[in-house]
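To keep things clear, I will list the structure first and then write my remarks on it.
Along the sequence shown, residues are numbered consecutively beginning with 1.
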Amino acid sequence: MQFAKLASLLTLLASSSVLAAPLDTGSNSTAPVQVLQDKVIALLEAKGNTKKGIETTSKTGCSVATARIRREWSTLSKPERKEYIKAVQCLRQLPSQSDPVAVPGARTRYDDFVAVHINNTRTIHATGNFLTYHRYLVALYEDALINECGYKGAQPYWNWLAYQNDLSKSPLLDGSETSMGGDGAYFAHNGSKTAIGWFQPGKGGGCIASGPFKDAVANLGPVAPTMDGLAKSPSPLAYNPRCLRRDFTSRAPRTWFTVENFLNLTTGAASHDVATFQTELQGRFGDGFLGMHTAGHQSIGADSADLYSSINDPVFFLHHSMLDRVYWMWQALHACQSRAIAGTRTMMNSPPSDNALVSDELPMGPLGPSKTIAQVMNTLDGDNLCYIYM
Ligand SMILES: *[C@@H]1O[C@H](CO)[C@@H](O)[C@H](O)[C@H]1NC(C)=O
Ligand SMILES: *[C@@H]1O[C@H](CO)[C@@H](O)[C@H](O)[C@H]1NC(C)=O
Ligand SMILES: *[C@@H]1O[C@H](CO)[C@@H](O)[C@H](O)[C@H]1NC(C)=O
Ligand SMILES: *[C@@H]1O[C@H](CO)[C@@H](O)[C@H](O)[C@H]1NC(C)=O
Ligand SMILES: [Cu+2]
């Protein structure tokens with residue numbers, strides 16, 4: 001860790017102008033993220049070397065040096081991006097392994113991930129297992145790409161702060177052959193309902209109009225559509241084939257994909273305990289605060305804004321890798337609390353339920369063995385997970 005970078009971070013943290021800036025600045029600097037990234041890697045390396053940290057990785061041989069490295073989309077070479085896209089398309093063609101009676105709508109292996117997410121929605125969001133459940137879900141997806149589709153790389157992520165002003169011009173979503181597809185075709189509609197009120201429509205709303213996922217099909221959902229023109233499926237796991245739709249908008253990313261929000265989550269007031277951290281990340285809707293997680297779903301819009309079936313859009317996994325990266329950073333920066341969880345077993349504790357425990361299982365159906373929350377808390381334990389972010 002270079003001293004200069006740490007010093008500049010401290011200056012940044014001390015500078016009231018950064019933290020006091022209005023949220024809707026549209027600032028998109030990734031420099032402060034990189035400073036923290038470097039610090040996290042240094043902390044994880046030190047932990048492995050001294051064997052004195054909360055956990056040691058010596059037993060399994062998994063360490064920062066040997067772990068799989070998840071990278072930002074734009075840092076992959078174009079051939080690497082194409083390899084990833086090819087593997088995702090493969091998963092969207094392989095046959096489903098779900099029980100056809102329980103999940104009549106699943107046709108592909110990709111749909112198995114959609115079905116599991118839909119089925120568990122009300123026990124994996126705004127719950128004690130939100131962060132770990134989605135972490136393990138992404139890890140199983142990465143495994144499926146590798147083991148079932150011959151992918152050689154790691155799951156890439158979408159750095160929220162890198163291109164928040166216009167997704168349609170980003171390397172991730174510009175509709176080129178090396179992107180995850182572009183915006184939806186124009187579909188006249190009046191906007192979408194969000195957790196904090198009505199949002200204006202973007203320029204899309206229809207089927208994905210360009211790139212490798214042009215006219216991609218979704219077989220399950222919508223379950224909780226938020227846009228006029230998207231009709232709810234007769235039942236959550238029914239067969240309801242249709243094109244996958246997007247409606248890129250910039251209000252959510254410009255407002256919440258900000259340096260101040262990121263620093264608040266990782267080193268600021270929102271980072272002090274896991275309850276505050278995960279709430280800030282998922283949103284404080286009563287305060288009109290969407291949070292980075294919901295902002296990402298809202299920025300893609302249409303199918304991606306459906307709490308249950310947003311996972312139909314393959315960009316979901318890049319979004320959730322970034323979410324996991326922020327959690328991974330928070331854990332490294334708050335080592336004493338890295339195994340703490342907060343929250344109950346039901347969404348917003350409705351209906352009321354007991355507090356989640358680290359011994360709770362994360363049910364994954366046909367995606368892989370269920371593991372406990374405790375088993376996926378450390379991405380370098382080697383028995384269950386072995387990856388880092390760069
Ligand atoms: C849905 O979730 C319930 C509760 O975890 C489980 O018993 C059931 O097997 C799941 N069904 C499918 C189709 O995954
Ligand atoms: C970052 O923000 C600046 C100023 O708002 C804008 O000109 C630029 O296009 C943005 N860059 C990206 C990659 O979104
Ligand atoms: C948007 O259109 C739908 C159906 O056409 C209507 O039900 C809804 O009230 C409209 N919302 C707004 C905010 O205009
Ligand atoms: C930081 O997070 C805390 C805790 O949720 C919140 O009260 C505060 O408004 C946040 N600050 C900024 C600048 O977002
Ligand atoms: Cu989810």
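- A donor and an acceptor atom, one from each side chain of Asn261 and Asn264, are nowhere located under 3.5 Å apart.
- Scanning for side chain to side chain donor-acceptor pair (under 3.5 Å) contacts around Asn312 gives an empty result, with sequence neighbours left out.
- Residue Met347 is grouped with residue Ile124 when hydrophobic side chains (ILVMFWY) are merged at heavy-atom distances under 4.5 angstrom, including chains of intermediate members.
- Grouping the Ile, Leu, Val, Met, Phe, Trp and Tyr side chains by contacts below 4.5 angstrom, directly or via other members, places Leu76 with Trp160.
- Remark: the backbone N or O of Asp111 is paired with a side-chain donor or acceptor of Thr108 at under 3.5 angstrom.
- Contact detail for Phe213 and Gly181: the closest heavy-atom pair is CD1-N, 4.3 Å.
- The closest donor-acceptor contact from the side chain of Gln200 to the backbone of Gly191 lies at 3.5 Å or more, if one exists at all.
- In this structure a side-chain-to-backbone donor-acceptor pair under 3.5 Å is present from Ser353 to Thr346.
- Between His125 and His117, a ring centre-to-centre spacing shorter than 6.0 Å is recorded.
- At least one donor-acceptor pair closer than 3.5 Å links the side chain of Thr294 to the backbone N or O of Gln282.
- A side-chain N or O of Ser98 and one of Asp112 form a donor-acceptor pair less than 3.5 Å apart.
- By the 6.0 Å and 45° rule, Arg68 does not stack over the aromatic ring of Tyr387.
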Pair Gln89-Arg92, side chain to side chain contact (heavy atoms under 4.5 Å, CB included): steps then yes or no: CA-CA 5 Å; Gln89 286 171 333; Arg92 293 175 79 93; 5.5 Å; no
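- Tracing side-chain contacts under 4.5 Å through hydrophobic residues (I, L, V, M, F, W, Y), one reaches Val223 starting from Val103; they form part of the same cluster.
- A distance-only check finds a donor-acceptor pair linking the side chain of Glu142 to the backbone of Gln155 [under 3.5 Å].
- Side-chain contact of Ser321 with Asp324: a donor-acceptor pair under 3.5 Å is absent, judged by distance alone.
- Annotation: side chain of Leu44 is in contact with side chain of Leu380 (closest heavy-atom distance under 4.5 Å).
- Looking at every heavy atom in both residues, Pro363 comes nearest to Tyr133 through O-OH, 2.8 Å.
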Decide yes or no on ring pair (Phe, Tyr, Trp, His ring centres under 6.0 Å) for Phe277 and His272, but give the supporting numbers first. CA-CA 7 Å; Phe277 168 77; His272 293 164; over 10 Å; no
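- The shortest non-hydrogen separation linking Ser179 to Leu173 is CB-N, 4.1 Å.
- For Phe130 and His134, the ring centers sit closer than 6.0 Å to each other.
- His297 and Phe316 have tilted rings, their planes meeting at an angle from 30° to 60° on a 0 to 90° scale.
- Neither side chain, Arg339 nor Gln331, offers a donor N or O lying under 3.5 Å from an acceptor on the other.
- With respect to Arg246 and Asp313, a salt bridge is recorded, a charged nitrogen being found less than 4.0 Å from a carboxylate O.
- With a 4.5 Å cut-off on side-chain heavy atoms, Leu36 and Leu263 count as touching.
- Two residues are said to be in side-chain contact when any heavy atoms from C-beta on lie closer than 4.5 Å; Phe262 and Met329 meet this criterion.
- Hydrophobic cluster membership is shared by Leu333 and Trp328, with clusters built from Ile, Leu, Val, Met, Phe, Trp and Tyr side chains linked at under 4.5 angstrom.
- Nearest heavy-atom pair, Asn219 versus Gly105, reported as atom, atom and distance to 0.1 Å: CB-O, 3.5 Å.
- At distances below 3.5 Å, at least one donor-acceptor pair connects side-chain atoms of Trp330 with backbone N or O atoms of Ser271.
- A donor-acceptor pair under 3.5 Å is absent between the side-chain atoms of Thr30 and the main chain of Val33, judged by distance alone.
- Hydrophobic clustering, with ILVMFWY side chains joined whenever heavy atoms are under 4.5 angstrom apart, groups Tyr141 together with Ile69.
- Between the Thr75 side chain and the Glu72 main chain, a donor and an acceptor come within less than 3.5 Å of each other.
- Phe199 and Trp256 have parallel rings, their planes meeting at less than 30° on a 0 to 90° scale where 60° marks the start of perpendicular.
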Evaluation steps, salt bridge (Lys or Arg N to Asp or Glu O under 4.0 Å), between Lys78 and Glu177: CA-CA 9 Å; Lys78 289 189 171 176; Glu177 281 309 304; over 6 Å; no
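- Across all non-hydrogen atoms, the minimal contact from Val64 to Ile388 is O-CD1, 3.8 Å.
- There is no side-chain donor-acceptor pair under 3.5 Å between Thr194 and Gln298.
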Does the pair Thr372 and Glu361 meet the rule for a side chain to side chain donor-acceptor pair (under 3.5 Å), with working shown? CA-CA 4 Å; Thr372 63; Glu361 299 271 332; over 6 Å; no
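- Under the 3.5 Å distance criterion, with hydrogens and angles disregarded, no donor-acceptor pair is assigned to the side chains of Asp174 and Tyr163.
- The only option from Asn129, Asp360, Thr123 that meets the side chain to side chain donor-acceptor pair (under 3.5 Å) definition with Arg345 turns out to be Asp360.
- For the pair Arg71 and Tyr389, the cation-pi test (distance below 6.0 Å, angle within 45°) is failed.
- A distance-only check finds no donor-acceptor pair linking the side chain of Asn240 to the backbone of Leu220 [under 3.5 Å].
- A side-chain donor from one of Gln34 and Asp38 sits under 3.5 Å from a side-chain acceptor of the other.
- For the pair Gln278 (side chain) and Ala342 (backbone), a donor-acceptor distance under 3.5 Å is present.
- Checked for salt-bridge contact, Asp247 and Lys203 miss the test: no charged N lies under 4.0 Å from a carboxylate O.
- Residues Asn355 and Thr344 have side chains that never bring a donor and an acceptor to within less than 3.5 angstrom of each other.
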Would Asp215 and Arg242 count as a salt bridge (Lys or Arg N to Asp or Glu O under 4.0 Å) if you check the C-alpha gap in whole Å, the side-chain angles of each, and the deciding distance to 0.1 Å? CA-CA 9 Å; Asp215 297 323; Arg242 65 198 191 281; over 6 Å; no
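- For Arg245, there are no side chain to side chain donor-acceptor pair (under 3.5 Å) partners at least two apart in sequence or on another chain.
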Step-by-step side chain to side chain contact (heavy atoms under 4.5 Å, CB included) determination, Arg325 to Arg70: CA-CA 9 Å; Arg325 180 181 180 229; Arg70 294 185 179 171; over 6 Å; no
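- Taking the ring centre of Phe289 as origin, the terminal cationic atom of Arg284 falls inside the region bounded by 6.0 Å and 45° from the ring axis.
- Under 4.0 Å is where a charged nitrogen must lie from a carboxylate oxygen, and between Asp228 and Lys193 no such pair does.
- For the pair Leu230 and Pro222, the tightest heavy-atom approach, listed with the atom from each and the gap, is CD2-CG, 4.2 Å.
- Applying the ring-ring contact (aromatic ring centres under 6.0 Å, His included) test to pairs two or more places apart or on separate chains, those with a residue in residues 72-100 are Trp73-Tyr84, Tyr84-Tyr151.
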